[in-house]
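Report on the structure given below.
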Amino acid sequence: MNSKERAALRAQANPLEPIIQIGKEGMSDNLVNQIDDALDTRELIKIRVHLDTAPEAPREFADKIAAATESDVIQVIGGVIVLYRKRDEARIAEKKKKRGSGTAKATAKKKVKIKGMRARQREKEAKNPYAKYDRPRRK
């Protein structure tokens, strides 16, 4: 990536808010997965590193994250990291396919009709004719 492209991406990232924060826990697998998913959907993201509590410097985090997610570090200013990765539709489709198998969302959802008190009472009376006498009385 040349400097003109990097400058254009810095300009695009300027109004963005950081969507991920790194604190005292540092880097974990879940954090890398979140960043990877965010890069799939947004391409350009900002990450905030809390300087007081983070175990490493923001530049070190930026290099590690970029290596783990195969992205480019656009800039590191203070505690803010800007990352970019071009959207790859094949990778996104593969992730969706891998996640979709075996989950509740992949199977068709069962339609549930919520019944009111009167409908439940009618069903009860249809099954048992003596249930009419169990009706709650109005006062």
Side-chain angles (χ1 to χ4, degrees):
M1 177 174 295
N2 62 29
S3 62
K4 294 237 181 215
E5 293 170 340
R6 188 165 280 132
L9 290 171
R10 271 198 307 262
Q12 287 178 6
N14 201 14
L16 295 179
E17 292 293 320
I19 58 170
I20 295 175
Q21 298 181 9
I22 301 175
K24 65 181 178 183
E25 297 294 321
M27 285 210 18
S28 65
D29 292 337
N30 288 338
L31 179 75
V32 172
N33 289 337
Q34 278 185 331
I35 293 170
D36 195 41
D37 291 342
L39 285 168
D40 282 341
T41 57
R42 300 183 182 212
E43 290 187 350
L44 186 67
I45 62 168
K46 270 189 183 178
I47 301 170
R48 175 165 308 283
V49 178
H50 292 282
L51 300 173
D52 299 336
T53 59
E56 298 176 35
R59 187 71 211 184
E60 295 170 10
F61 277 125
D63 293 336
K64 287 182 181 180
I65 292 169
T69 59
E70 300 171 3
S71 59
D72 296 320
V73 178
I74 302 302
Q75 71 178 0
V76 178
I77 294 181
V80 178
I81 302 169
V82 179
L83 295 175
Y84 172 78
R85 181 175 70 196
K86 187 161 177 58
R87 182 173 288 144
D88 184 12
E89 297 298 333
R91 180 195 323 218
I92 294 169
E94 184 180 317
K95 275 187 180 180
K96 282 184 181 178
K97 187 176 180 184
K98 194 183 299 184
R99 285 184 186 157
S101 61
T103 62
K105 287 185 177 180
T107 60
K109 289 188 176 180
K110 181 180 176 183
K111 295 280 183 177
V112 177
K113 184 176 180 189
I114 299 173
K115 298 175 185 171
M117 189 169 146
R118 289 183 183 164
R120 288 192 306 255
Q121 183 65 32
R122 279 191 220 110
E123 282 183 2
K124 185 177 176 183
E125 290 172 1
K127 291 178 185 175
N128 181 4
Y130 294 106
K132 289 182 184 177
Y133 302 110
D134 294 341
R135 280 190 189 169
R137 305 258 180 206
R138 292 187 187 177
K139 292 182 181 182

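For the numbers below, each heavy atom of this structure counts, side chains included, while hydrogens, waters and symmetry mates do not. What you are looking at is a predicted structure, and each value in this text was computed from that prediction instead of being measured.
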Between [Y] and [X], is the closest basic N to carboxylate O distance under 4.0 Å?
{"X": "Arg120", "Y": "Glu125", "answer": "no"}
{"X": "Asp72", "Y": "Lys86", "answer": "no"}
{"X": "Arg87", "Y": "Asp40", "answer": "no"}
{"X": "Asp52", "Y": "Lys24", "answer": "no"}

So [Y] and [X], do their side chains get closer than 4.5 Å, heavy atoms only?
{"X": "Glu123", "Y": "Lys115", "answer": "yes"}
{"X": "Arg48", "Y": "His50", "answer": "yes"}
{"X": "Lys64", "Y": "Arg59", "answer": "no"}
{"X": "Asp36", "Y": "Arg85", "answer": "yes"}

Could you give the distance from [atom1] ([X]) to [atom2] ([Y]), rounded to the nearest 0.5 Å?
{"X": "Leu83", "Y": "Glu70", "atom1": "CG", "atom2": "CD", "value": "13.0 Å"}
{"X": "Thr53", "Y": "Gln21", "atom1": "OG1", "atom2": "CD", "value": "9.5 Å"}
{"X": "Asp29", "Y": "Gln34", "atom1": "CG", "atom2": "CD", "value": "12.0 Å"}

[X], [atom1] atom: more than 12 neighbouring heavy atoms under 6.0 Å:
{"X": "Arg42", "atom1": "CZ", "result": "no"}
{"X": "Glu56", "atom1": "CD", "result": "yes"}
{"X": "Glu94", "atom1": "CD", "result": "no"}

Path from [X] to [Y] over hydrophobic side-chain contacts below 4.5 Å:
{"X": "Ile20", "Y": "Tyr84", "value": "no"}
{"X": "Ile45", "Y": "Val82", "value": "no"}
{"X": "Phe61", "Y": "Leu44", "value": "no"}
{"X": "Leu16", "Y": "Val73", "value": "no"}
{"X": "Leu9", "Y": "Leu39", "value": "no"}

For [X] versus [Y], what's the shortest heavy-atom pair and its separation?
{"X": "Gly79", "Y": "Pro58", "value": "CA-CG, 4.1 Å"}
{"X": "Ser71", "Y": "Thr69", "value": "OG-OG1, 2.8 Å"}
{"X": "Met1", "Y": "Ile74", "value": "SD-CD1, 3.8 Å"}
{"X": "Pro15", "Y": "Ala11", "value": "CD-O, 3.7 Å"}
{"X": "Gly26", "Y": "Leu31", "value": "O-CD2, 3.8 Å"}
{"X": "Ile19", "Y": "Ala38", "value": "CD1-CB, 3.8 Å"}

Next item on the list: Given side chain to side chain contact (heavy atoms under 4.5 Å, CB included), test Val76 with Val49 step by step and report yes or no.
Entry: CA-CA 10 Å; Val76 178; Val49 178; over 6 Å; no
Next item on the list: Applying side chain to side chain contact (heavy atoms under 4.5 Å, CB included), run through Ile47 and Val80 and close with a yes or a no.
Entry: CA-CA 6 Å; Ile47 301 170; Val80 178; over 6 Å; no
